[in-house]
Amino acid sequence: MEHIRTPKVENVRLVDRVSPKKAALGTLYLTATHVIFVENSPDTRKETWILHSQISTIEKQATTATGCPLLIRCKNFQIIQLIIPQERDCHDVYISLIRLARPVKYEELYCFSFNPMLDKEEREQGWVLINLSEEYKRMGLPNNYWQLSDVNREYRVCDSYPTELYVPKSATAHIIVGSSKFRSRRRFPVLSYYYKDNHASICRSSQPLSGFSARCLEDEQMLQAIRKANPGSDFVYVVDTRPKLNAMANRAAGKGYENEDNYSNIKFQFIGIENIHVMRNSLQKMLEVCELKSPSMSDFLWGLENSGWLRHIKAIMDAGIFIAKAVSEEGASVLVHCSDGWDRTAQVCSVASLLLDPHYRTLKGFMVLIEKDWISFGHKFNHRYGNLDGDPKEISPVIDQFIECVWQLMEQFPCAFEFNERFLIHIQHHIYSCQFGNFLCNSQKERRELKIQERTYSLWAHLWKNRADYLNPLFRADHSQTQGTLHLPTTPCNFMYKFWSGMYNRFEKGMQPRQSVTDYLMAVKEETQQLEEELEALEERLEKIQKVQLNCTKVKCKQSEPSKHSGFSTSDNSIANTPQDYSGNLKSFPSRSPSQGDEDSALILTQDNLKSSDPDLSANSDQESGVEDLSCRSPSGGEHAPSEDSGKDRDSDEAVFLTA
Amino acid sequence: MEFAELIKTPRVDNVVLHRPFYPAVEGTLCLTGHHLILSSRQDNTEELWLLHSNIDAIDKRFVGSLGTIIIKCKDFRIIQLDIPGMEECLNIASSIETSQWRLSYVNKEFAVCPTYPPIVIVPESIDDETLRKVATFRHGGRFPVLSYYHQKSKRVIMRSGQPLTGTNGRRCKEDEKLINATLRAGSRGYIIDTRSLNVAQQARAKGGGFEQEAHYPQWRRIHKSIERYHILQESLIKLVEACNDQTHNMDRWLSKLEASNWLTHIKEILTAACLVAQCIDREEASVLIHGTEGTDSTLQVTSLAQIILEPRSRTIRGFEALIEREWLQAGHPFQQRCAQSAYCNTKQKWEAPVFLLFLDCVWQILRQFPCSFEFNENFLIMLFEHAYASQFGTFLGNSESERCKLKLQQKTMSLWSWVNQPSKLSKYTNPLFEANNLVIWPSVAPQSLLLWEGIFLRWNRSSKYLDEAYEEMVNIIEYNKELQAKVNILRRQLAELETEDEMQESP
């Protein structure tokens with residue numbers, strides 16, 4: 001709190017990004033965790049919450065007659081422009097935010113103060129929801145070829161690896177330790193994914209310290225062991241995900257890549273994914289394009305191409321496709337590395353696993369995948385996403401790119417994923433939000449030392465609790481698209497990769513489709529479920545009544561029997577009242593429901609059903625487009641992702657036409 | 001449009017009629033399709049029957065909630081109606097006021113304008129002789145006609161050819177009179193010229209031109225540049241080439257997409273249509289649209305504005321009617337424009353994918369409002385196919401007069417009669433459709449405009465997985481409907497049984 005110079009500024013204007021002439025007047029609050037803007041307008045009192053940890057840059061712009069503009073760019077691609085009347089206040093807010101957005105200690109992060117009102121037991125349960133031991137078991141490990149190694153207990157061999165590691169059975173501790181000494185940051189080859197069907201595996205490591213001529217017997221034995229663990233193939237692919245030039249340059253620093261002459265039975269392959277610095281600049285360029293005020297089509301496409309972003313996405317996908325094919329079609333194991341083996345390697349291994357194994361395309365499976373390939377294998381979340389103040393050159397959208405790859409696949413295979421786009425967007429949001437402990441620190445070792453699991457909550461439990469919001473209505477476990485490997489076309493289809501406006505322009509709601517097919521179908525499915533239950537209940541009641549009536553009729557018939565002349569009529573009568581006859585009656589009704597039924601269906605399918613738990617992502621729209629604005633829930637108690645509603649109103653698109 | 005549709009309040013009680021030299025009469029006012037009738041409750045008092053077409057002008061006045069309408073008739077009579085209730089009074093006034101449109105048969109023999117249909121809608125006060133004069137002042141004889149009447153704001157979209165002002169700024173009083181007749185006293189309108197100012201100015205050298213502000217003081221002219229002819233055709237050729245070329249890396253694809261300019265054209269057309277819709281719905285101003293001939297970009301804009309404004313044009317029948325009205329009847333030269341497509345080497349200067357661009361724009365709006373259209377993407381693709389090659393007569397010829405000469409109605413089948421068969425319609429019906437009676441404002445930001453894969457990548461990639469997804473969607477909705485029907489039957493049955501029960505229990 002000591003960093004907040006001014007906790008409250010009045011008469012601040014929040015500028016509408018779409019039509020800059022319009023602005024909402026309100027009060028700005030700085031709290032220990034959030035910047036909050038509350039509109040004065042008594043009807044709405046609309047609140048905009050921004051987590052300090054989401055703030056990427058703060059820019060003080062030249063003072064104008066109306067006040068002092070402050071531009072805040074967020075890591076979740078929200079852009080907030082405030083105009084503060086007094087230059088002094090503006091400066092205070094600016095200085096405060098600069099400090100608040102760059103915490104220096106983990107303890108300052110939101111997750112240490114965030115309390116979702118769960119008891120200790122619930123918190124613990126949350127942390128064991130995703131269990132990697134279970135995951136390896138699911139893969140079919142340990143088995144005759146692979147075993148759990150305890151060589152890294154207490155992080156003795158490699159401090160950025162987890163303690164639980166699978167290695168080939170024939171790889172002795174001696175081989176492992178020897179190999180680790182020949183690899184950058186001692187990240188020796190270990191198993192990432194095991195493909196049960198044909199024993200092929202995906203392994204990962206860092207680059208070898210080969211320099212121009214160095215070799216290491218143990219490392220060569222290690223690769224041999226990986227090959228032997230796959231009896232179906234007589235070679236191992238070694239995939240270096242870097243461009244060849246970068247890898248060669250590394251040789252001068254005593255690092256480099258495997259020499260095919262030294263390793264028996266390997267096939268070496270470069271893939272050419274650029275490094276974190278290139279990726280950071282590429283995203284920067286693309287975001288500049290997204291930020292352009294009413295760009296022309298050419299400005300946009302030209303800028304998108306110039307950023308190179310989609311080219312990089314394609315490179316990562318291509319690498320994943322190559323590996324998935326090698327494993328599933330050639331039955332060959334693959335060792336993947338880049339330099340340190342924690343960025344490109346994580347991207348490529350997880351894309352390949354996702355293509356190979358339908359389990360990773362389910363809600364829980366996807367959480368497991370991130371837990372395994374990213375969190376446990378020491379992807380440096382803290383450095384890459386700038387959770388704590390650090391070297392800006394370490395920041396890079398590595399996992400963002402992976403998340404986008406998944407989205408690109410979802411566009412190609414709409415029925416193959418159990419989760420929807422919102423799930424990906426929320427994960428991206430929370431990687432930066434620091435609201436949950438999952439993505440803190442740079443390694444498992446650091447997280448254990450900080451006792452993250454005892455002091456923070458797990459995102460996975462939060463997402464799992466709200467899983468209804470994240471389901472893809474088109475997913476069906478028995479659908480052919482959900483089975484086996486995803487096969488992408490072999491011809492190079494560049495047009496497959498599209499700009500993801502749902503992510504990078506997600507706060508410009510006017511740019512998004514105004515009606516969400518996903519939400520519509522989810523509402524239909526929900527109604528279907530209610531109908532199924534009602535149908536069952538109705539059938540039950542009908543049966544009961546019919547039984548009663550049957551009895552009644554029998555009784556009545558018996559009573560009336562004396563008055564009847566003939567006993568036959570009785571039996572006829574009772575047959576006429578059997579259920580079979582009613583089903584004949586049933587067919588005689590028109591198949592289209594009567595007016596009452598129509599009213600009912602209209603009632604059930606009102607927009608109220610199209611809800612979502614986090615207000616930012618609802619398929620909202622304005623009155624004009626015929627869909628109620630659904631983002632009316634304010635983030636009370638900070639339980640949900642903060643409100644990211646961009647404050648668009650029904651007039652805002654118009655300016656586009658007039659100014660365009 | 002029938003006048004009867006415009007009547008909001010057909011009956012008001014306690015209306016007082018004042019006429020010179022007669023005592024005031026109190027009675028009930030009725031509006032019918034043709035007459036304004038006032039009937040007193042006394043038997044012997046005369047009733048007033050006034051033909052709407054006799055009304056020359058009206059004035060409204062209010063004293064408190066008592067409204068007064070003064071009707072000035074064409075036979076010089078002036079009568080006064082006192083109507084209690086502000087709303088009733090306004091409704092009556094607006095109903096009799098809007099009878100300012102009529103059907104004109106001036107083009108019966110296609111003599112005035114060869115590209116117009118025999119019947120057009122024009123302002124009531126403009127006679128056929130005036131129309132003939134205006135036709136000589138507009139390109140191709142295309143005098144301004146009604147394209148769309150927006151009920152909510154009571155404003156209209158009109159379309160025409162360019163005015164033939166030439167270099168010496170010729171004017172035409174009848175033309176000014178005609179388009180001013182569509183404005184209410186004191187209100188202003190917009191003229192949307194679908195050419196850039198530069199192009200419009202150059203057109204004067206060839207005898208064309210644009211409306212000079214001095215001669216049309218009630219109109220504000222806005223230029224919205226939309227490309228035409230070979231520029232569009234080249235754009236299509238480049239786009240299809242880019243889509244077929246699969247050898248390049250990611251960047252080359254994007255730059256080829258950009259270089260084709262196809263999406264730029266989409267953005268231009270949609271932006272102009274949104275502007276028109278905005279004028280009509282928000283500014284509450286009427287709009288006249290034209291480019292040069294008024295047969296291409298003009299029709300793109302008028303028809304897209306209707307998609308945005310008019311819920312009916314988003315239904316299957318409404319969309320068919322829109323194409324019939326705004327494209328076929330309005331004289332879009334399909335034969336010339338769609339003679340060849342992207343692969344042909346012999347390029348004719350009148351070939352242009354004008355209609356395909358329109359369909360693409362509709363697809364863009366459909367993508368942004370996936371639940372607001374009764375038809376689906378397949379319907380648009382089918383129309384594209386038939387515009388270029390068809391076993392039906394619907395898209396043959398360049399105008400209604402050509403189709404008449406060819407006796408297409410006698411010799412060929414109509415596409416609509418085939419499409420509208422229930423068995424065919426099911427393929428074109430959007431399962432997500434829920435009637436949406438509002439104006440839908442699409443986004444024209446580049447981020448919101450996508451390549452129409454269903455047309456341009458149709459033969460370049462497998463659509464297996466996308467088709468499966470569509471099927472899945474249909475199944476989800478069909479199953480829901482099925483259950484709904486079942487539940488309704490059971491509910492009824494149950495209700496019947498229960499009443500039966502009660503009857504049995506309490507005889």
Side-chain angles (χ1 to χ4, degrees), chain A residues 295-298 300-302 304-305 308 310-311 314 412-415 473-474 481 489 491-495 497 499 501 505 510-511 513-515 517 520-521 524-525 527-528 531-532 534-535 538-539 541-542 545 549 552 582 586 589 591-594 597 601 624-626 653-654 656-657 660, chain B residues 243 246-251 253-255 257-258 263-264 267 271 274-275 278 282 367-372 432 436 438-441 443-451 457 461-462 465-466 468-469 472-473 476-477 479-480 483-494 497-498 501 504:
Chain A
S296 73
M297 205 69 223
S298 291
F300 177 73
L301 288 175
W302 186 245
L304 185 60
E305 170 179 321
L310 287 174
R311 178 162 47 89
K314 184 174 183 293
Q412 298 296 310
F413 301 91
C415 303
L474 298 173
Q481 265 185 54
T491 48
C493 295
N494 302 312
F495 45 70
Y497 299 99
F499 172 71
S501 82
N505 281 111
M511 282 185 195
R514 303 304 191 78
Q515 295 170 322
V517 175
Y520 181 88
L521 289 177
V524 170
K525 281 187 117 174
E527 192 202 44
T528 299
L531 284 170
E532 277 172 341
E534 193 185 345
L535 194 67
L538 283 172
E539 274 167 351
R541 260 174 68 196
L542 204 62
I545 289 181
Q549 281 194 338
C552 277
Y582 282 112
L586 194 138
F589 275 89
S591 66
R592 192 76 193 107
S593 51
S601 73
E624 275 310 318
S625 47
D653 342 332
E654 285 172 26
V656 179
F657 312 133
Chain B
C243 293
Q246 301 183 4
T247 58
H248 294 111
N249 65 30
M250 196 63 220
D251 285 357
W253 155 247
L254 280 175
S255 64
L257 178 63
E258 190 268 324
L263 289 169
T264 301
K267 185 166 152 58
T271 305
C274 288
L275 176 71
Q278 194 187 340
R282 290 304 165 86
R367 199 193 69 83
Q368 295 186 26
F369 294 89
C371 306
S372 296
L432 301 169
N436 172 359
L438 299 168
V439 176
I440 55 175
W441 298 107
S443 161
V444 295
Q447 288 95 321
S448 312
L449 303 177
L450 303 185
L451 176 73
L457 301 180
R461 53 120 168 88
S462 158
Y465 302 114
L466 303 178
E468 281 174 1
E472 194 66 23
M473 190 171 84
I476 289 169
I477 291 166
Y479 178 55
N480 176 281
L483 279 182
Q484 185 78 58
K486 273 189 196 164
V487 163
N488 284 329
I489 290 168
L490 286 188
R491 275 187 196 155
R492 259 204 177 185
Q493 235 178 329
L494 208 59
L497 278 177
E498 274 163 354
D501 241 16
Q504 281 182 347

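A, B, ... follow the sequence lines: proteins, then strands. Residue 1 opens every chain. Just so it is clear, the model here is predicted, and its values are computed rather than measured.
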Exercise for the section: Please lay out, stage by stage, how R514(A) and I440(B) fare under the test side-chain contact (heavy atoms from CB on, under 4.5 Å). Expected result: CA-CA 9 Å; R514(A) 303 304 191 78; I440(B) 55 175; over 6 Å; no
Problem - Verdict with reasoning, L450(B) to L263(B), per side-chain contact (heavy atoms from CB on, under 4.5 Å) - result: CA-CA 8 Å; L450(B) 303 185; L263(B) 289 169; over 6 Å; no
Handout entry: side-chain contact (heavy atoms from CB on, under 4.5 Å) assessment of F300(A) paired with K267(B)
Key = CA-CA 12 Å; F300(A) 177 73; K267(B) 185 166 152 58; over 6 Å; no
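Among L535(A), N505(A), V517(A), the residue with the largest count of heavy-atom pairs under 4.5 Å with chain B is L535(A). Counting heavy-atom pairs under 4.5 Å between each of T264(B), L432(B), L451(B) and chain A puts L432(B) at the top.
Both the backbone and the side chain of L449(B) come within contact range of chain A, judged by heavy atoms closer than 4.5 Å. For I476(B), the parts lying near chain A are the backbone and the side chain together; criterion is any non-hydrogen pair under 4.5 Å. With a threshold of 4.5 angstrom between heavy atoms, Q412(A) approaches chain B through N, CA, C or O but not through any side-chain atom. Residue R461(B) touches chain A through its side chain alone, counting heavy-atom pairs closer than 4.5 Å. The part of S501(A) that comes within reach of chain B is its side chain, from C-beta onward, which places non-hydrogen atoms under 4.5 angstrom from that chain.
P414(A) meets the side chain to side chain contact (heavy atoms under 4.5 Å, CB included) test with L474(A), Q481(A), Y465(B), L466(B), A469(B); sequence neighbours excluded. Legend: residues meeting side chain to side chain contact (heavy atoms under 4.5 Å, CB included) with E258(B), ordered by chain and number and at least two apart, are S298(A), L301(A), W302(A).
Between S372(B) and Q515(A), the side chains place a donor N or O and an acceptor N or O closer than 3.5 Å (distance only, hydrogens not considered).
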